[in-house]
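This report concerns only the one structure given below.
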Amino acid sequence: MKTTLLTFASAAFLLMSCGGGPSTAEFDKAAEKICDCMSKKNEEAAKAAEEDTLGLNLDMTDLNYSLCALEVAFDVDPFDEQMGKSIESKCPDLKDTHAEYVKSANK
């Protein structure tokens with residue numbers, strides 16, 4: 001009896017753990033986090049550019065995107081195809097930035 005119960009419990013655990021990964025809604029939520037993060041980073045960059053008196057205005061878009069994507073990396077795979085679709089739907093202005101991020105990671 002114990003063996004049967006343990007077998008069923010193990011089988012149930014295996015089935016639950018092989019659920020397939022994050023859902024589209026989870027990717028959409030992660031994309032929204034990235035959009036918000038990038039919006040904040042862009043505001044900070046604009047403010048820094050206004051205060052820049054030396055003309056050292058560097059484009060940090062790629063680095064900022066990497067940092068924002070890192071914030072959601074424990075929830076979803078930022079390199080997954082669905083992530084690109086979610087970024088395109090939630091913040092289309094970051095579509096090219098995301099594509100470049102994925103491309104640079106595959107080098």
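If you read the sequence from its start, that first residue is 1, and numbering goes on from there.
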Exercise. Got a second to check how far Ser39's OG is from Ile34's CD1, nearest 0.5 Å?
Worked result: 13.5 Å
Problem set entry | Met38 vs Thr61 side-chain heavy atoms within contact, under 4.5 Å | yes
Exercise. Using 4.0 Å as the upper bound for N to carboxylate O, is an ion pair formed by Lys85 and Glu81?
Worked result: yes
For this session: Compare all side-chain heavy atoms of Asp77 with those of Met83 and state whether any distance is below 4.5 angstrom.
Result: no
Exercise. Under a 4.0 Å N-O cut-off, is there an ion pair linking Asp75 with Lys33?
Worked result: yes
Exercise. Which atom pair, heavy atoms only, marks the closest approach of Glu71 to Cys37?
Worked result: OE2-SG, 3.7 Å
Problem set entry | Shortest non-hydrogen contact between Cys91 and Ala31, atoms and distance | SG-O, 4.3 Å
For this session: Establish whether Phe79 and Val76 are linked, either directly or via other cluster members, by ILVMFWY side-chain heavy-atom contacts under 4.5 Å.
Result: yes
Exercise. Just by modelled atom types, is the Glu100 backbone N or O under 3.5 Å from a matching donor or acceptor in the Ser104 side chain?
Worked result: yes
Exercise. Roughly how far, to the nearest 0.5 Å, is the NZ atom of Lys95 from the NE2 atom of His98?
Worked result: 11.0 Å
Exercise. How about Tyr101 and Ile87: do any of their side-chain heavy atoms sit closer than 4.5 Å?
Worked result: no
Seminar exercise, completed: d(Met60 CE, Leu67 CG) to nearest 0.5 Å is 8.0 Å
Exercise. Measuring from Ser86:OG to Glu32:CD, what's the distance to the nearest 0.5 Å?
Worked result: 9.0 Å
Problem set entry | Joint cluster assignment, Val102 & Val72, ILVMFWY side-chain distance < 4.5 Å | yes
